[in-house]
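Order of the sequence lines fixes the chain letters, A, B, ..., with proteins taken first and strands second; residue numbering starts at 1 for each chain.
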Amino acid sequence: MKIIKVHDFNYTKEVDFKKIQLHLKKRIKLSPISENEVKTCAGVDLAYWEEENQSFGTCSIIVIDYHSKEVIEKVCSVGKINVPYVAGYLAFRELPLIIEAAEKLTVEPDVFLFDGNGFLHYNHIGIATHASFFLNKATIGIAKTYLKIQNHDFIMPENEVGAFSDIIINGTVYGRAVRTMKNVKPVFLSCGNYIDLNSSFEIMMKLINEESRLPIPVRLADLETHRLRKKFKSD
DNA sequence: GCGACAG
DNA sequence: ATCTTGTCGC
C-alpha cells in the first residue's frame with residue numbers, strides 16, 4: 001500500500017479526498033482576481049535526480065513583472081523526495097518543496113502558474129488548486145499532456161495561435177486545450193483557484209513568447225531547475 | 001496479461 | 001519527470 005504524506009495529510013492511494021476538503025473549508029475564501037489586476041506572476045517547476053539510490057528534487061519559483069516580463073525574484077528549494085509519482089496525486093509529491101520555496105519569497109505574486117492541472121483533475125484538486133490553499137493566492141494550472149478523465153477525449157484546437165476548445169465533461173467545464181504556438185502541440189489550461197478560466201486564458205496568452213509553448217515564468221522556472229540540478233549534483 | 005498514466 | 005544524438009522540417 002502506498003503511503004502518501006504531506007504536512008498534516010497522511011493518505012493511502014485508496015483514500016478519497018474528504019480529509020482534504022475538510023482542510024480546505026478552514027481556509028479563508030479569497031475573491032477571484034481579474035486579469036487587469038495582475039501586476040506580478042510566478043512560475044513554478046521541479047526537476048528530479050537520483051543519488052545513491054535516493055530521489056532528490058529541486059523546486060524553482062520565478063516571479064516576473066506581468067507587463068515588462070522582467071524577473072523580479074527567484075527562489076528555490078532542494079531536498080529528498082520520498083513520495084512516489086501517482087497520477088492524480090502529483091501535489092503530494094511536489095508540494096513540500098513548493099511550499100518551502102514559496103516561504104522564501106519576499107514579494108507576493110498576484111498569481112502562480114503551475115506545470116500541471118488544477119480543476120482539470122479527477123477530483124478537481126490538481127496541483128494548482130491544491131497549492132492555492134497553502135499559498136492563499138490565485139493559481140492557474142497548465143499541463144503539457146492531457147489527463148484523460150472519464151474516458152473523455154479533448155477536441156484538437158485549430159492550428160492557430162490562440163485557438164482553443166473547452167473540455168466539457170457531463171456539462172462541467174474542466175479546462176481548455178489551447179494552442180499557444182502554431183505547429184506545436186496544445187497545452188491544457190485549467191483554473192487553479194481564485195480565478196476564472198477566461199482570465200486564466202488571457203493571462204497565459206500574454207505570457208507566451210517565441211521561445212516556448214509554455215508561459216514565460218513557467219519556462220524560466222523549468223530552465224532554472226535544470227541549472228540547479230547540475231549545481232546540487234556536483235556538490 | 002494488457003493498457004493507462006498531470007509530473 | 002528522466003535516460004539521450006541525430007535529424008527532419010519550417
What integer distance in Å separates A/Y48:OH from C/dT2:C1'?
-> 11 Å
Under 4.0 angstrom, heavy atoms only, what part of the nucleic acid is A/N117 near: base, sugar-phosphate, or nothing?
-> base
Just by distance, with hydrogens left out, do A/E94 and A/Y48 show a side-chain donor and acceptor under 3.5 Å apart?
-> yes
Of the nucleotides C/dT2, B/dA6, C/dA1, which one has an atom closest to the side chain of A/K144?
-> C/dA1
Length of the CG-P vector between A/L97 and C/dA1, whole Å = 16 Å
Could you check how far CZ of A/R93 sits from C1' of B/dG7, rounded to whole Å?
-> 7 Å
Taking the inter-plane angle between the rings of A/F188 and A/F154 on a 0 to 90° scale, is it parallel (under 30°), tilted (30 to 60°) or perpendicular (over 60°)?
-> perpendicular
Nucleotide C/dT2, atom C1' - distance to CD1 of A/I81 in whole Å = 14 Å
Assert: residue with more 5' nearest nucleotide on DNA chain C, out of A/D222 and A/N183, is A/D222
Verify the contact: side-chain N or O of A/T145 to OP1 or OP2 of B/dC5, cut-off strictly under 4.0 Å; return yes or no.
-> no
Are any non-hydrogen side-chain atoms of A/Q150 and A/Y122 less than 4.5 angstrom apart?
-> no
May I ask you to verify if any side-chain N or O of A/R229 is less than 4.0 angstrom from the OP1 or OP2 atom of C/dT2?
-> yes
Between CG of A/L113 and P of B/dG7 the distance, given in whole Å, is 15 Å
Within this structure, what is the CZ-to-C1' distance between A/R213 and B/dA6, rounded to whole angstrom?
-> 12 Å
With rounding to whole Å, what would you report as the distance between B/dC5 and C/dT2 at their C1' atoms?
-> 16 Å
For A/F188 and B/dA6, say yes or no: do the ring centres fall under 5.5 Å of each other while the ring planes differ by less than 30°?
-> no
Just by distance, with hydrogens left out, do A/R176 and A/N198 show a side-chain donor and acceptor under 3.5 Å apart?
-> yes
So, is A/Y85 near the phosphate of B/dA6, with a side-chain N or O under 4.0 Å from OP1 or OP2?
-> yes
Once you round it to whole Å, what is the distance between P of B/dA6 and OH of A/Y122?
-> 6 Å
Round to a whole Å and report the spacing from CG of A/D153 to P of B/dA6.
-> 14 Å
A/I127 near the nucleic acid: base, sugar-phosphate alone, or nothing, with a heavy-atom cut-off under 4.0 Å?
-> base
Indicate whether the side chain of A/E50 and that of A/S55 have a donor and an acceptor atom separated by less than 3.5 Å.
-> yes
